[in-house]
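Okay, so here's the structure we're looking at.
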There are 4 protein chains.
Amino acid sequence: MTRKLTERGRARRRQILDVAAGLFAERGYHPTSVADIVEALGVGKGVFYWYFESKEDLFLEILASSSQDLRRRQQSAIGDEPDPLRRIELGIRASLAWFREHRRLINLQQFAATEDRFAAALRQHDAVAIDDITRHLKEAMADGTVPAGQDPAMLAHALVGATRHLARTYLFTADEPVEVVADVAVRFVIGGLVAEEPPARRLSR
Amino acid sequence: MTRKLTERGRARRRQILDVAAGLFAERGYHPTSVADIVEALGVGKGVFYWYFESKEDLFLEILASSSQDLRRRQQSAIGDEPDPLRRIELGIRASLAWFREHRRLINLQQFAATEDRFAAALRQHDAVAIDDITRHLKEAMADGTVPAGQDPAMLAHALVGATRHLARTYLFTADEPVEVVADVAVRFVIGGLVAEEPPARRLSR
Amino acid sequence: MTRKLTERGRARRRQILDVAAGLFAERGYHPTSVADIVEALGVGKGVFYWYFESKEDLFLEILASSSQDLRRRQQSAIGDEPDPLRRIELGIRASLAWFREHRRLINLQQFAATEDRFAAALRQHDAVAIDDITRHLKEAMADGTVPAGQDPAMLAHALVGATRHLARTYLFTADEPVEVVADVAVRFVIGGLVAEEPPARRLSR
Amino acid sequence: MTRKLTERGRARRRQILDVAAGLFAERGYHPTSVADIVEALGVGKGVFYWYFESKEDLFLEILASSSQDLRRRQQSAIGDEPDPLRRIELGIRASLAWFREHRRLINLQQFAATEDRFAAALRQHDAVAIDDITRHLKEAMADGTVPAGQDPAMLAHALVGATRHLARTYLFTADEPVEVVADVAVRFVIGGLVAEEPPARRLSR
DNA sequence: AATGAATGAGGATTCATTCAT
DNA sequence: AATGAATGAATCCTCATTCAT
């Protein structure tokens, strides 16, 4: 079903992807009908099904491409920075900048987690991000910057959770400067990663 | 429109609430039809509308009552603990324990954020939780445990984000012991909260 | 199914009849549910079905009793007036007074005509009224007051149509004094009944 | 929401309008389901909603277009007749002819009056007809044919009531020749309009 | 490539009526 | 007599998808 498309065809396809992402993000996946999408584009319904197998398909593609786009942004920000913790910081800053620009997409990931048919795909994309971070963490543990003995994947998830939630909360509207949010996020996350066991330990039980 | 209910009526109402929460969490809100709910209960379709105004209404109620339940759990765990950071720790541990028991409900909050008509309600409930944490943080800032100068609400969101995401990832199945996740969460979060500016600062830019 | 009712039972029955007539007239038959009726009365649903076979049944009874009530009013107004045209006038005046008092019921007759299952009953009740009038007209034709040669039933319908429509239009709200409407109605109707052929004839074709 | 329709589309739309008008008139608005309508057409349920916003909408459109159609017929019958009373006669005759041809539609107007959401629209359409007649009457009063001193709008309503009721009663089936009914209607109405006050006056009180 | 038209299963909701207590 | 609870067919409407042109 993957069609060979002319230049114009590829443009139209991207156009559908964009408009749909916008509508999905704004209203939600289910409340947005294929009819809404094509109407927003001012074209007939046939157009949609010429370029996409199904609504579900389209959503999956938006999901995949946004994850890829975000990752590209992170990697280009990180470059060949040697310090693993610094790489994490750069990744967080890049992610927040990306979220601000594509704030509408945060909702899509959010939603994808709640329905089986999308959750699997989402998990895969997330795994890639978690892997990246885990790699940095292992290195940081090796050189002693981050105390060893904790599951790096778990730390990676804590990091991702904090970052995304901050993005969701403060970057959805354009009010808060990214810089401010990023500073808090970085300090919080790095602090959490390098934290020694004792103080927390002593408190518990 | 609030009906006078007999004992039996209240039981049935609760039953619907439970079954529906389960189905919503498992399959998602939209993929779960009212027909599915009543069928799972083995009753006629009218029963649903005897107890609830609409499907939307039911969802909203599930959302509200789960937030309240979680909060009750946190507060009873915190008791009258005087140390604010310790209160936060107890809150996190209580939350994770609650999430494990009600892991199905995590998805509902997740979903609620993606559709306008639910997002507003969700934000209100979240605000309560954030307020609680913010209060602890201000106290901790006052006594110097947590460095002042940062927006306590923002820190609260970072904390919540990390905690929830860990819950979502590791407590959804029963594989990971809550203790383990809680230890990581607490160490990460407390570490993040008490982190001094310098190291993060030096790294950035 | 006709129950033996206690005094209190008969009162409740009448109460239902009244409330239902009000709601039917105000909102229409279909938009008024049995639930609405019992709710307006503040009783349970069982009550309704204790006193009435069905919603349809209830409506039919309202229809019948209102026709009877109107007829009683007409007859008592007419008394033993010997002049047939004068009897018609008195009937019209009595009808309009009744319509003003029971203006809500005009709609019910109106509606009844539009559904088969009610139309038959309505026709029967109407036939009674038409018969009454027809009798007066025949008498008036016999004594020469009304020119003979026209179908008295047809004239009766013209009379009824004019009167009811005026009632519907001007008596539905309490603004217009009945007297004024009645004067116009009587003059118009009597004028129409006594009209000689020539002027109309000459004009047509 | 007004769609661009092809020739074929417009034909289908009209077809729905016709079939629905027939069913509504025959069985009533509520007893006729959208399913009935599309089934009568032998098409899928979606077709209906491709052409109409809702069942209510469709009904409103039928109402409006039938009023317009009737008015067109009246006006073309009246032409440029100078005598106002003669214009009224021609209007009545044209109306009755139209009612005979579209006898099914009488019921729709009848019904529309009984539910708020339709009554308003109906009143507007009726107002147009009443205005037309009122204009003729004022002219007739000016030239002395119709005695002045009465509210012309009220007379117009009496006229309309008599005419419509005769139509409803005698033209619903094809038994009665329109001519006969029209002759009675015209003689009755014109007689009612030109009636002098005295005789009626003397009788009353 | 694209359009308007059509499909029909599925969804939320209503409601007259019945029933157990 | 009366209540709250329950039934389930029926209703309006939506929507992903397909089709003829």
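Here is how names work: the chains are called A, B, and so on, in the same order as the sequence lines, proteins then strands, and each is numbered from 1.
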*Using a cut-off of less than 4.0 Å, is there contact between a side-chain N or O of B/R12 and OP1 or OP2 of F/dA6?*
yes
*In whole angstroms, how far is the C1' atom of E/dA1 from the CZ atom of A/F52?*
15 Å
*Under the salt bridge (charged side-chain N to carboxylate O under 4.0 Å, His left out) rule, what do A/R164 and A/D126 come out as? Steps first, then yes or no, please.*
CA-CA 12 Å; A/R164 276 194 201 157; A/D126 270 10; 2.9 Å; yes
*Within 6.0 angstrom of A/R117 CZ, more than 12 heavy atoms from elsewhere*: yes
*asked:* If you assign each of C/V43 and B/V43 to its closest nucleotide in DNA chain F, which residue comes earlier from the 5' end?
replied: C/V43
*At under 4.0 Å, does any side-chain N or O of B/T6 touch on OP1 or OP2 of F/dA5?*
yes
_From D/E115 atom CD to D/E56 atom CD, the distance as rounded to the nearest 0.5 Å_ = 8.5 Å
*Atom CG of B/L41 and atom P of F/dA6: how far apart are they, to the nearest Å?*
10 Å
*Test item: A/N107 side-chain N/O and A/A25 main-chain N/O as donor-acceptor pair under 3.5 Å*: yes
*Of the nucleotides F/dA1, E/dT3, E/dG4, which one has an atom closest to the side chain of C/W50?*
F/dA1
*Given the rule that a pair is Watson-Crick or G-U wobble with both distances under 3.5 Å, how would you write DNA chain F in dot-bracket, using | for pairs to a different strand?*
.||||||||||||||||||||
*Taking CD1 from A/I16 and P from E/dA2, how many angstroms apart are they, rounded to a whole number?*
9 Å
_On the six-membered ring of D/F24, is D/K55 placed so that its NZ or CZ lies under 6.0 angstrom from the centre and within 45° of the ring axis?_
no
*What integer distance in Å separates D/E39:CD from F/dC12:P?*
13 Å
*How long is the line joining CD of B/E7 and C1' of F/dT3, in whole Å?*
16 Å
*In whole angstrom, what separates C/D36's CG from E/dT14's C1'?*
11 Å
*Whole-Å distance separating the CZ atom of A/R13 from the C1' atom of E/dA2*: 17 Å
*Report which part of the nucleic acid C/V47 touches: base, sugar-phosphate, or nothing (heavy-atom distance under 4.0 Å, all strands).*
base
*asked:* Generate the contact string for nucleotides 16-21 of chain E. Rules: B means base contact, S means sugar-phosphate contact only, - means no protein heavy atom under 4.0 Å.
replied: SBB---
*Can you tell me how far the OG1 atom of A/T114 sits from the CG atom of A/L122, to the nearest 0.5 Å?*
10.0 Å
*asked:* Any side-chain N or O of D/R3 below 4.0 angstrom from OP1/OP2 of E/dA5?
replied: no
*Is D/K4 near enough to E/dT3 that one of its side-chain N or O atoms lies under 4.0 angstrom from OP1 or OP2?*
no
*Reckon D/Y51 touches a base, only the sugar-phosphate, or nothing at all at heavy-atom distances under 4.0 Å?*
sugar-phosphate
*Name the residue closer to the 5' end of DNA chain F, choosing between B/G9 and A/P31 according to the nucleotide with the nearest heavy atom.*
B/G9
*Do side-chain atoms of D/R3 reach the backbone of D/W50 as a donor and acceptor pair under 3.5 angstrom?*
yes
*Are any non-hydrogen side-chain atoms of D/L17 and D/Y51 less than 4.5 angstrom apart?*
no
Give the table of side-chain donor-acceptor pairs shorter than 3.5 Å for residues 36-43 of chain B, with sequence neighbours excluded, one pair per line with atom names and distance.
from  : atom 1 : to    : atom 2 : distance (Å)
B/D36 : OD1    : B/S33 : OG     : 3.4
B/D36 : OD2    : B/R27 : NH1    : 3.2
B/D36 : OD2    : B/S33 : N      : 3.1
B/D36 : OD2    : B/S33 : OG     : 3.3

_Considering all heavy atoms, the nearest B/H125-B/A64 contact_ = CE1-CA, 3.5 Å
